[in-house]
Amino acid sequence: MAGTKEIKTHIQSVQETRKITNAMYLIASTKLRRARQELDNTRPYFEALRGEIKRIFRTVSDVDSRYFYPVNDDTPLEGTYGCLVITADKGLAGSYNQNAIREAQRLLEQHPDTKLFVVGEYGRRFFAQRNIPIEHSFLYTAQNPTMARAREISALLLDGFDRGELKEIFVIYTDMESAMSFQARAARLLPFHRSHFVTPPGERAVTEPFEFLPSVKPVLDNLMPSYVSGFIYSALIDSFCCEQNARMSAMDSANQNAESLLGELSLQFNRVRQSAITQEITEVSAGARAQRKKKE
């Protein structure tokens, strides 16, 4: 049985660990709040872009673009796919990284001819340790997603798509469904389905006609790179928010476990100390009794 010194050392160790997990919880909550604010600031612009693309399809239903599947055709294309995998830079975030990696592995099993584009040190280490080739690794951190980085990623993926090297492009990210729920998703980025830009029933649609210069195809081709950048930026922000949310949950569980462990250790410490005191009293009483008998 451990002595009072060992138990006291254990209690101090748990208390120090609890300070670290509590600090990580506070840092994650601050980052989460800031990332949500940045996403809210940029969302209106990309919602407006999506609205204009909807207007184009309402005005010219038979427009042809390399960014979209043909009308009434959603057959998967043959050839090399590209996959952008968004992970964190480190662990201590529950199952956040494992869920994204699992989605990437599932896509690789379904279509082995897939080139990986990885954001996040965790994903880079995972694929490197298993000798899974990475086409391009974005070396900046996943901790600070910005629009400039989203445009850099978008430009690289669009270049491969425009040159015909990538027939389809997927983005694996973690979608925050609610404040307490998130799920890893594999979304096809390119080519889009036209149904993605269909005005849902009940939504007010702007029906005024407008003119395209020089034609509808160049206008759509100029809009889509900006929309793709916005999609990637939204995926980066969503993943970052989910990472911080997962880290907050993990650190909160760690704090609760630390409190429970400290309670058990304190009880054990008190029992050991009481046992030591009782033993000392017993030894003193036995010594005093022996002294009296000796005198008698």
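When a residue number appears, it is its place in the shown sequence, counting from 1.
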TODO: Quick one: pull up OG1 in T80 and CZ in F161 and give me the separation to the nearest 0.5 Å.
DONE: 13.0 Å

Open item on the list: Once rounded to the nearest 0.5 Å, what's the spacing between atom CD1 of I172 and atom CD1 of I101?
Closed with: 8.5 Å

- [ ] Hey, could you give me the CD/CZ distance between Q110 and F170, rounded to the nearest 0.5 Å?
- [x] 8.5 Å

Open item on the list: If hydrophobic clusters are built by linking Ile, Leu, Val, Met, Phe, Trp and Tyr wherever their side-chain heavy atoms come under 4.5 Å apart, do V171 and F127 end up in the same one?
Closed with: no

Task: NZ/NE/NH1/NH2 to OD/OE distance under 4.0 Å, K19 and E16 - done: yes

Task: Side-chain donor-acceptor contact under 3.5 Å, Y173 with E103 - done: no

Task: Donor-acceptor contact present, side-chain R188 to main-chain P191, <3.5 Å - done: yes

Task: Separation between CG of D89 and CZ of F240, rounded to the nearest 0.5 Å - done: 9.5 Å

Open item on the list: Do F126 and I86 land in one hydrophobic cluster if side-chain heavy atoms of ILVMFWY residues count as linked below 4.5 Å?
Closed with: no

TODO: To the nearest 0.5 Å, tell me how far L190 CG sits from K167 NZ.
DONE: 13.0 Å

Open item on the list: Closer than 3.5 angstrom, by distance alone: can the side chain of Y81 be matched with the main-chain N or O of L107 as a donor-acceptor pair?
Closed with: no

Task: Main-chain N/O of T87 paired with N97 side-chain donor or acceptor, under 3.5 Å - done: no

Open item on the list: To the nearest 0.5 Å, what is the distance between SG on C242 and CD on Q183?
Closed with: 10.0 Å

- [ ] Please lay out, stage by stage, how K115 and L166 fare under the test side chain to side chain contact (heavy atoms under 4.5 Å, CB included).
- [x] CA-CA 8 Å; K115 295 182 178 181; L166 303 177; 4.1 Å; yes

